Amino acid sequence: MKSRHDPVGMTHEYDAVIVGGGGAGLYAALEASRGARVAVVSKLYPSRSHTGAAQGGIGAALGNVEEDSPEWHAFDTVKGGDYLVDQQAAMILAEEAVRSVYELENMGLPFSRTAEGKIAQRRFGGHTRQHGEGPVHRSCYSADRTGHMILQTLYQQCIKNDVVFYDEFQTVDVILEGRRLAGIVTVELRTGAVHIFRSKAVLFATGGFGRLFKVTSNALACTGDGPAILARAGIPLMDMEFFQFHPTGIYRMGILITEGVRGEGGIMRNGAGERFMERYAPTLLDLAPRDMCSRAIMTEIAAGRGVRGDGKVDDYVWLDATHLGREVVETKIPDIADFCRTYLDVDPAEKPMPVQPTAHYAMGGIPTDTWGQVTDGGVVWEGVYAAGECACVSVHGANRLGTNSLVDLIVFGRRGGQHIRDYVKQTDRVDLPKDACARYQRQYAQLTDGKRGPHAGPVYEAMQDTMMANVGVYRNAAGMEKALRDVQDLREAYLELRLTDSSPTFNSDLLGLLELRNMLDLSLLMAASALNRTESRGAHSREDFPERDDTEWLKHTLVTLENSEEPFGRQPVRMHYRPVDISIWKPKPRTY
Ligand SMILES: Cc1cc2nc3c(=O)[nH]c(=O)nc-3n(C[C@H](O)[C@H](O)[C@H](O)COP(=O)(O)OP(=O)(O)OC[C@H]3O[C@@H](n4cnc5c(N)ncnc54)[C@H](O)[C@@H]3O)c2cc1C
């Protein structure tokens, strides 16, 4: 693994720094490196990023199996997102998906193939032909290891292009001079040393934040560091109320069973063995968008039609792939079959899999334009970029379609990298302010002031419990108000926590406390945005406001953390709004 450290000092200088070595970060680094000196700073080794867990595939209208078009793909994306998607951005996504997939193929990505040797494609939820006539084969895949292959392919290309990697460096702050980037502050895991990166541009590609919730498909590192760091620097976050629950997480564990299983013909059944999606989405059935499938499962369970779990209540349903036959299970979803055998002692070719909705994907995040530049809709923060799951372009609106995240990474990671390459040519580095590390130093001082504090575990668990119970698949005012009170209390409790491990080397206690703080910031912004939006749209489904309300709410939420300097505890938030681009298709009711 290539990892170079500056032997002279703790300040490093580059044209551009990419924070995050997942699919979005690596594509941005690769593009930027074609004309700039680029470093990737990543708290994980790049190949361990969550992108590596993506199973199902990457959507692109190649038309290899049947007729397809980018325009249909863009329409499905807009409709799937319940019309909160910015439509020109969705067109860019769908059109550039095609070229980006061929580029990955040319870089050597080993896609699964059709009998004629073309890139194979399968069905996925919400992806249709002719604006909703029926499911279409659009997802390009490499068995059920698509994300893993994307990471390996891009990482090799970055090494070839002399991108410099700072692995296991956790970014803890951004340094801004007004609205212009000066650099970032990082902590090196191995030594505990603080390193500053001074650069003309920084692109945040820190991934998602499923760890806010108790049952999640997301890896331990998905703690939303990038959005939280920018929120504390006074930058608003967009559409934070929209968080996707994937319908088929392994019961109690949350580990994802890819939608590819249903794409190959798998069926969800309730406790009585019924194919219950017939009641909720008569045309697309099990391939309806995820928000609808998750709600259908929760409704079946609430009506007493779930399957009896360990707690002797009816709290999960079956995902049945037994009729697909062993050949399909072993060749199309081999990793899933392995997970089920390992964690459940269930062979999916013989028995159905127990599943329940699992917190999966952040539609909201750092607001950007279609070149990755961070903007609140008016002004741009110069030199500050974001791409991938931590960003909100917005192409997913209120609900993301399966396979569209990997497309988002490669299309907007690539565009961000291209823009940076040009931007750094016309600009100079800004001088670092004297107090560049001040915000981080204050945080560190509070955690190490010599007092003894309780363990962080209960605060982390209480946050996940309240977010799961009150800001989950179904929401209402009383629940979300409770979540807000709980999170504010937990933010006060956080002020009592202290570092228990004083060693500088591999101090995961310190880095974990910093991540917890990030998650408490994002929980606050998410619960507040959700309570504020008095309608149901996509993944934001309110029992007390069950209808979509285009008159009042066809707009993006921007939420700002007020008084984002210390003290951490009880902080107010401020909302403002931005119009949605509906320049191509008029919003319609969503039926499938
Ligand atoms: C189990 C699972 C399966 C999925 N399957 C699919 C699928 O089939 N198709 C699809 O389209 N989408 C899928 N998704 C969603 C998709 O994989 C993710 O949205 C996407 O991979 C996120 O990529 P990213 O590059 O934004 O972030 P990630 O891949 O999560 O990478 C984040 C990077 O940021 C770094 N980082 C984070 N914080 C810091 C910090 N403070 N300092 C420095 N570095 C930091 C990490 O080290 C990491 O390198 C799936 C998601 C999951 C969880």
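Atoms within a ligand are numbered from 1 in the order they appear, just like the ligands themselves. These numbers were taken from a predicted model, which means no experiment stands behind them.
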For ligand 1, indicate whether the residue [X] contacts it via side chain, backbone, both or neither (heavy-atom separation under 4.0 Å).
X: Leu409; value: side chain
X: Tyr361; value: side chain
X: Glu389; value: both
X: His360; value: side chain
X: Leu256; value: side chain

Per-atom contacts, ligand 1 versus [X] - under 4.0 Å to a heavy atom:
X: Gln55; result: 5 (N), 8 (O)
X: Gly56; result: 7 (C), 8 (O)
X: Ala53; result: 1 (C), 2 (C), 3 (C)
X: Val41; result: 43 (C), 44 (N)
X: Thr403; result: 9 (N), 10 (C), 11 (O)

Heteroatom proximity flag, Ala387 to ligand 1, N/O under 3.5 Å: no

Classify the side-chain pair [X]/[Y] by whether it contains a donor and acceptor separated by less than 3.5 Å.
X: Glu103; Y: Ser100; result: no
X: His195; Y: Tyr166; result: no
X: Thr403; Y: His127; result: yes

If you measure from the Lys or Arg side-chain nitrogens to the Asp or Glu carboxylate oxygens, is any gap between [X] and [Y] under 4.0 Å?
X: Asp76; Y: Arg138; value: yes
X: Glu31; Y: Arg415; value: no
X: Asp15; Y: Arg421; value: no

Distance from [atom] to nearest protein heavy atom, with residue and atom:
atom: atom 44 (N) of ligand 1; value: Lys43 N, 2.9 Å
atom: atom 42 (N) of ligand 1; value: Thr171 N, 2.8 Å
atom: atom 11 (O) of ligand 1; value: Leu406 N, 2.8 Å
atom: atom 53 (C) of ligand 1; value: His50 NE2, 1.6 Å
atom: atom 16 (C) of ligand 1; value: Ser405 OG, 3.4 Å
atom: atom 48 (C) of ligand 1; value: Ser49 OG, 3.3 Å
atom: atom 21 (O) of ligand 1; value: Thr51 OG1, 2.8 Å
atom: atom 46 (C) of ligand 1; value: Ser42 OG, 3.8 Å

Looking only at non-hydrogen atoms, which of [options] approaches [atom] most closely?
atom: atom 9 (N) of ligand 1; options: Gly365, Ser217, Gly57; value: Gly57
atom: atom 5 (N) of ligand 1; options: Ala54, Gly210, Gly52; value: Ala54
atom: atom 33 (C) of ligand 1; options: Ala205, Gly207, Gly25; value: Ala205
atom: atom 14 (N) of ligand 1; options: Gln170, Gln244, Arg400, Glu168; value: Arg400

Quiz item: cation-pi between Arg290 and Phe245, 6.0 Å / 45°: no

Can you label the angle between the Phe169 ring and the His12 ring as parallel, tilted or perpendicular, going by 30° and 60°? perpendicular

Close aromatic pair by centroid cut-off 6.0 Å: Tyr361 and His246: no

Audit row: Arg491, Leu524, side-chain contact (heavy atoms from CB on, under 4.5 Å) steps and yes/no: CA-CA 9 Å; Arg491 293 164 69 83; Leu524 174 66; 3.6 Å; yes

Enclosure of Arg48 CZ (heavy-atom neighbours >12, cutoff 6.0 Å): no

Residue pair Gly365 / Met240: nearest heavy atoms and the distance that separates them: N-SD, 3.9 Å

Set of side chain to side chain contact (heavy atoms under 4.5 Å, CB included) partners for Gln55, sequence neighbours left out: Asp144, Leu256, Thr258, Ile336, Phe339

Only pairs under 3.5 Å count here: list side-chain donor-acceptor contacts from residues 56-63, not counting sequence neighbours, and write none if there are none.
none

